Amino acid sequence: MRLVLLGAPGSGKGTQAARLKDRFGILHISTGDLLRAEVKAGTELGLKAKAVMDAGNLVADDILLGMLEARLAQPDAARGFILDGYPRNLVQADALASLLQRIGQPLDAVVKLEVPGETIIGRCEIRFAKEHRADDNPETVKKRLEIYAEQTAPVANFYAQKGELKIVNGVGELDEVTDRILAVLPGTSAAING
Ligand code: AMP
């Protein structure tokens, strides 16, 4: 199973990706987590990315593509993956299509988690209080939501035009949302409640 999960910051992509990873035994590739690991390790890339991330902006496309390509080249990616946080703009969506074609690993599905704006803001406030992620402070969340609307929302249209987009309501109990995602994935209806 090769899957892209789309949705605004705080829409539950990370939480649901972790559940799907367990369900299918495939990789969960969160580009935000990959970047935070670089920041934590104090690498040159991490140092460059930190200020951009803290401001709520997008890190350069070539950095992201390089990171993703390296991760997908590792043997454990052969069984499949869930991409969480990539693609974030149309350049990345094109780059992903070319990369997957080149490595012969086409996507099985693209799922967008839909959550209303006020719920998103509330969830980011809760995450900020719990995890102290610098970019979850209210000002930066506002910036991230603007970038999402300007640059990432068109990515959903990119997949919709190709007939690949499934939209799932991301509000509700975690199990409910997971079941809704499973219900739109190809060939998994038997897995529901299983
Ligand atoms: P996330 O954990 O997905 O919310 O990502 C946290 C931050 O990492 C984002 O606000 C961006 O600064 C950066 N980031 C993550 N994924 C990407 C991406 N695909 N393109 C550019 N920047 C990204």
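All values below come from the heavy atoms of this structure, side chains included, with hydrogens, waters and symmetry mates left out. Keep in mind the model is a prediction, meaning the values are calculated, not measured. For ligands, and for the atoms within them, numbers begin at 1 and follow the listed sequence.
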Polar proximity ligand 1 side, [X] side, N/O cut 3.5 Å exclusive:
| X | answer |
| --- | --- |
| Asp84 | no |
| Asp33 | no |
| Gly56 | no |
| Ser30 | no |

Measure the distance from [atom] to every protein heavy atom, then report the residue, atom name and distance (to 0.1 Å) of the closest one.
| atom | answer |
| --- | --- |
| atom 9 (C) of ligand 1 | Arg88 NH2, 3.4 Å |
| atom 22 (N) of ligand 1 | Val59 N, 3.0 Å |
| atom 8 (O) of ligand 1 | Met53 CE, 3.5 Å |

Review point. Between Gln92 and Val155, does a side-chain contact (heavy atoms from CB on, under 4.5 Å) hold up when you go through it step by step?
Key: CA-CA 9 Å; Gln92 294 184 6; Val155 171; over 6 Å; no
Which atoms of ligand 1 are found less than 4.0 Å from any heavy atom of [X]?
| X | value |
| --- | --- |
| Leu35 | 8 (O), 13 (C), 14 (N), 15 (C), 23 (C) |
| Gly85 | 16 (N), 17 (C), 18 (C), 19 (N) |
| Arg133 | 1 (P), 2 (O), 4 (O), 6 (C) |
| Thr31 | 15 (C), 16 (N), 17 (C), 19 (N) |

**Study point:** Heavy-atom side-chain contact between Leu185 and Phe24 under 4.5 Å
**Key:**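 In short, these two side chains touch, coming nearer than 4.5 Å.
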Check your understanding: Hey, are the side chains of Lys162 and Tyr159 touching, using non-hydrogen atoms and a 4.5 Å cut-off?
Key ->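 Sidechains of Tyr159 and Lys162: in contact.
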**Study point:** Worked verdict on Leu34 versus Leu68 for side-chain contact (heavy atoms from CB on, under 4.5 Å)
**Key:** CA-CA 9 Å; Leu34 291 178; Leu68 184 64; 5.7 Å; no
Among [options], which one puts a heavy atom closest to [atom]?
| atom | options | result |
| --- | --- | --- |
| atom 17 (C) of ligand 1 | Asp135, Ile147, Leu64, Val155 | Leu64 |
| atom 6 (C) of ligand 1 | Met67, Arg36, Lys13, Gln151 | Arg36 |
| atom 4 (O) of ligand 1 | Lys50, Gln92, Arg144, Lys143 | Arg144 |
| atom 12 (O) of ligand 1 | Leu58, Val52, Asn57 | Asn57 |

**Study point:** Working for salt bridge (charged side-chain N to carboxylate O under 4.0 Å, His left out), residues Lys143 and Glu139
**Key:** CA-CA 7 Å; Lys143 174 76 186 168; Glu139 266 310 298; over 6 Å; no
Review point. In the single-linkage hydrophobic clustering (I, L, V, M, F, W, Y; side-chain heavy atoms under 4.5 Å), do Val111 and Val171 co-cluster?
Key: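 No, separate clusters.
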Exercise for review: Take Asp61 and Arg88, measure what salt bridge (charged side-chain N to carboxylate O under 4.0 Å, His left out) needs, and give me the verdict at the end.
Suggested key: CA-CA 9 Å; Asp61 293 333; Arg88 249 351 199 252; over 6 Å; no
Point to revise | Of Leu20, Asp84, Asp22, Leu3, the residue whose pairing with His28 passes side-chain contact (heavy atoms from CB on, under 4.5 Å) | key: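 The residue from Leu20, Asp84, Asp22, Leu3 that satisfies side-chain contact (heavy atoms from CB on, under 4.5 Å) with His28 turns out to be Asp84.
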Point to revise | Check: Thr178/Gln16 side-chain N/O donor and acceptor closer than 3.5 Å | key: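 Judged by distance alone, the side chains do pair up.
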Exercise for review: Calculate, to the nearest 0.5 Å, the distance between atoms CZ and CG belonging to Arg36 and Asp135 respectively.
Suggested key: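 Going from CZ on Arg36 over to CG on Asp135, the span is 6.5 Å.
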